[in-house]
There are 2 protein chains.
Amino acid sequence: MKRTSLKDIAEKLQLSQTTVSWVLTGNGDRRGISKATQDLVRNCAAEMNYQPNLIARSLNLGKTKTLGLIIPSISDFFYSSIAMEIEQTASKNGYSLMIASSESNPEKEENLLRTFRSKGVDGIIIAPTKKSKNEIKRLIKEKFPIVSFDRFFPDLEMSSIVIDNKESSYKLVRHLIRKGCKKIAVITTNPHLITMCSRVDGYKQDLEEAGIDINPDLIGCVTYDKYELNIINVLDAIFEKEADVDGFFFTTHILALEAFLYFNKKGINFNEKFGLACIHSVSTFEILAPYINVAEMPVKEIGEKSVNILLESIESKKKNRCGKTLQLGFALYPPL
Amino acid sequence: MKRTSLKDIAEKLQLSQTTVSWVLTGNGDRRGISKATQDLVRNCAAEMNYQPNLIARSLNLGKTKTLGLIIPSISDFFYSSIAMEIEQTASKNGYSLMIASSESNPEKEENLLRTFRSKGVDGIIIAPTKKSKNEIKRLIKEKFPIVSFDRFFPDLEMSSIVIDNKESSYKLVRHLIRKGCKKIAVITTNPHLITMCSRVDGYKQDLEEAGIDINPDLIGCVTYDKYELNIINVLDAIFEKEADVDGFFFTTHILALEAFLYFNKKGINFNEKFGLACIHSVSTFEILAPYINVAEMPVKEIGEKSVNILLESIESKKKNRCGKTLQLGFALYPPL
DNA sequence: CTGAAAGCGCTTACAG
DNA sequence: CTGAAAGCGCTTACAG
């Protein structure tokens with residue numbers, strides 16, 4: 001069954017496509033089309049179950065009312081929460097969302113950027129992997145609307161949502177030190193990302209200020225891929241070399257959860273034994289680690305602002321204002 | 001900066017658009033275009049950074065190589081896991097994914113169905129809310145490719161991924177009874193969904209077979225909206241009326257997690273006090289509820305099969321075969 | 001108050 | 001081996 005088009009309605013009503021189009025896009029009054037005709041058109045459209053072909057409209061207008069979102073993983077709770085906020089904010093503004101995971105693979109990411117661009121999304125929100133810069137550069141050169149979050153390139157002039165990673169980490173670890181921890185390990189991942197470096201930098205600054213030597217054996221770096229397996233080796237290594245470790249700072253909540261599973265399996269009463277701190281959290285921390293200190297990511301804000309900044313640059317008919325950077329803060333729990 | 005089009009390349013090379021198009025779509029050899037010309041075209045395209053406008057192609061071919069996914073919530077771990085599988089399977093087959101949450105709101109869902117259709121997705125995967133049938137019916141009548149998972153309409157002739165909810169629930173609760181539970185509560189939600197009814201039905205069948213009367217006070221139904229708050233009232237009510245409840249069957253892992261938070265806050269040692277069973281799980285159950293019995297959703301299979309069935313019906317040039325229903329099983333842990 | 005016509009950027013049947 | 005032309009279904013400047 002063929003879908004009904006403007007032409008079908010026009011023919012049936014012996015009107016021009018132009019008139020039908022004006023009415024159905026809500027410009028009937030502005031164009032001074034008689035009420036009678038307007039009603040006729042609208043009724044006929046409803047009767048024939050007319051749904052506009054937005055592909056055709058997009059080709060004509062050069063806009064699709066669709067945004068693209070590229071994240072490392074859709075099922076990661078942090079990213080899926082942000083994806084939800086983004087979709088809701090987009091939806092409120094009349095935009096749909098195309099979503100894809102890069103799986104932290106630079107090549108896949110570049111392909112996704114190209115595909116989204118080719119498919120005509122009006123703008124892209126991305127949590128980029130370090131390496132994939134060429135395609136992003138090209139988009140920036142084209143003045144294509146794009147904004148990054150969670151990760152960013154300081155040398156690229158693009159809009160980004162940035163978070164005070166170093167500062168928050170610094171506060172968290174300082175708190176552990178004040179609570180009396182002498183030997184704090186940091187468990188991190190993706191060391192090529194500035195975001196992660198900043199978190200470890202905050203940790204290092206604390207130790208320095210407290211006059212504690214930085215011990216490389218206490219810095220556990222877990223591969224992003226297969227982290228569930230890899231973290232076991234990382235933790236094994238720490239306990240082997242530094243059996244009297246008394247604190248853990250996790251740079252992501254995923255790492256903390258995996259570590260809890262590890263501790264639990266080994267029969268380690270981690271809540272009594274260690275001072276704990278973590279970037280971001282999930283509600284079950286309440287049971288799993290009631291004394292942990294966390295810096296909560298402003299998920300809702302990140303999602304909303306990403307979309308808002310993007311839409312601003314899409315909808316401002318004037319010159320595209322790239323390079324707008326927004327700095328957001330963590331919320332610390334319990335307040336330190 | 002205008003994007004380069006086929007025409008630009010054709011003009012620069014003094015060739016026809018036709019030739020350029022044949023070469024760039026990989027049909028140069030088949031059309032017998034000389035190697036020399038082909039190289040010329042490809043080099044020029046690369047040089048000018050040509051990226052095809054897929055909107056134009058879509059308008060012409062009536063295909064967008066894009067699928068639509070509609071789920072109740074993007075950040076719910078169950079749905080985001082499935083979304084990930086779907087995106088990966090789609091991607092492997094050359095399809096992009098548009099995603100949106102219905103928030104279990106039938107009106108929003110109908111709008112999304114219309115929007116996706118208008119935007120020209122080639123097919124839709126949906127976990128539908130009970131009420132929203134009109135738009136789905138219309139799509140089925142149009143022979144538009146659509147498949148549902150997690151939830152379904154037995155009276156509609158559409159492709160669905162169905163799971164043996166009743167059977168798995170039956171096995172889980174039977175196990176609790178065998179372990180000696182006399183007074184088992186069921187905590188559920190969305191009572192209008194067949195999926196949820198089946199789970200409660202499994203529970204009821206167990207009680208009947210065991211000769212236990214069904215006690216409505218032990219059936220706790222949590223609203224989907226604001227479940228975090230509502231579940232507190234539901235549990236309060238159960239403990240008030242049936243203080244000697246000794247088992248809990250949760251029809252979703254979200255409900256179990258919230259209940260654990262509740263128990264924890266009340267200082268109830270739930271692992272010792274209750275027999276526990278749940279549909280689906282998360283890895284932290286290992287720590288939170290080591291003795292719980294779970295029926296694991298075949299997430300990977302659901303995602304993959306949804307896409308495969310959809311693509312079959314999209315790509316089969318012959319008649320559209322709707323109405324294909326696939327039955328999948330749960331995995332029970334520990335095996336009962 | 002209404003319409004004829006061009007154009008968005010592709011693909012492809014048809015022609016040579 | 002290559003090209004002129006129609007068409008996908010809209011929008012909109014222009015004309016009356």
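Proteins come first, then strands; the chains are lettered A, B, ... in the order of their sequence lines, and each starts at number 1.
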Report summary line: Applying side-chain hydrogen bond (donor to acceptor under 3.5 Å, both in side chains) to B/Ser5 and not counting sequence neighbours gives B/Asp8
Requested in this report: For A/Lys35, enumerate each residue passing the side-chain hydrogen bond (donor to acceptor under 3.5 Å, both in side chains) test, keeping only those at least two apart in sequence or located in another chain.
Outcome: A/Asp29
Distances for protein N or O near nucleotides 1-5 of chain D N or O, under 3.5 Å:
unit_1 : atom_1 : unit_2  : atom_2 : d
D/dT2  : OP1    : B/Thr37 : OG1    : 3.0
D/dT2  : OP2    : B/Ser34 : N      : 3.3
D/dT2  : OP2    : B/Thr37 : OG1    : 3.3
D/dG3  : OP2    : B/Ser16 : N      : 3.0
D/dG3  : OP2    : B/Ser16 : OG     : 3.2
D/dG3  : OP2    : B/Thr19 : OG1    : 2.8
D/dA4  : N7     : B/Thr18 : OG1    : 3.4
D/dA4  : N6     : B/Thr18 : OG1    : 2.6
D/dA5  : N6     : B/Thr18 : OG1    : 3.4

Requested in this report: Could you check if a side-chain atom of B/Ile161 sits within less than 4.5 angstrom of a side-chain atom of B/Ile309, using non-hydrogen atoms only?
Outcome: yes
Query raised in the report: For A/Arg3 and D/dG9, what is the distance between atoms CZ and C1' respectively, to the nearest whole Å?
Result: 10 Å
Report summary line: note: B/Lys119, atom NZ; D/dC10, atom C1'; distance rounded to Å ~ 15 Å
Query raised in the report: Who pairs with A/Glu11 by salt bridge (Lys or Arg N to Asp or Glu O under 4.0 Å), at least two apart in sequence or on another chain?
Result: none
Query raised in the report: Who passes salt bridge (Lys or Arg N to Asp or Glu O under 4.0 Å) against B/Lys108, sequence neighbours left out?
Result: B/Glu103
Which pairs would a plain distance check flag for residues 45-53 of chain A, meaning a side-chain donor or acceptor within less than 3.5 Å of a matching protein atom at least two apart in sequence or in another chain?
unit_1  : atom_1 : unit_2   : atom_2 : d
A/Asn49 : OD1    : B/Arg138 : NH1    : 3.2
A/Asn53 : OD1    : A/Ile55  : N      : 2.9
A/Asn53 : OD1    : A/Ala56  : N      : 3.1

Query - Residues which pass side-chain hydrogen bond (donor to acceptor under 3.5 Å, both in side chains) with A/Thr66, listed by chain and number, not counting sequence neighbours - result: B/Lys119
Query raised in the report: In dot-bracket, 5' to 3', how would DNA chain C read with Watson-Crick or G-U wobble pairs under 3.5 Å, [ ] for crossing ones and | for pairs to another strand?
Result: |||.||||||||.|||
Report task. Give a yes/no on whether any side-chain N or O of B/Ser21 is located under 4.0 angstrom from OP1 or OP2 of C/dT11. Result -> yes
Query raised in the report: Of all residues at least two apart in sequence or in a different chain, which pass the salt bridge (Lys or Arg N to Asp or Glu O under 4.0 Å) check with A/Lys12?
Result: none
Query raised in the report: For the pair made of NZ in B/Lys63 and P in C/dT11, what is the distance, rounded to whole Å?
Result: 16 Å
Requested in this report: Provide the full list of salt bridge (charged side-chain N to carboxylate O under 4.0 Å, His left out) pairs with a residue in residues 79-97 of chain B, sequence neighbours left out, each pair given once.
Outcome: B/Glu85-B/Lys300
Report task. For B/Asp122, enumerate each residue passing the salt bridge (Lys or Arg N to Asp or Glu O under 4.0 Å) test, keeping only those at least two apart in sequence or located in another chain. Result -> none
Query - Approximate separation, where rounding is to 0.5 Å, of A/Leu139 CG and A/Lys141 NZ - result: 11.0 Å
Query raised in the report: What integer distance in Å separates A/Leu61:CG from D/dC10:C1'?
Result: 8 Å
Query raised in the report: Does anything in residues 40-60 of chain A reach DNA chain D, meaning a heavy atom under 4.0 Å, and if so which residues?
Result: A/Tyr50, A/Asn53, A/Ala56, A/Arg57, A/Asn60
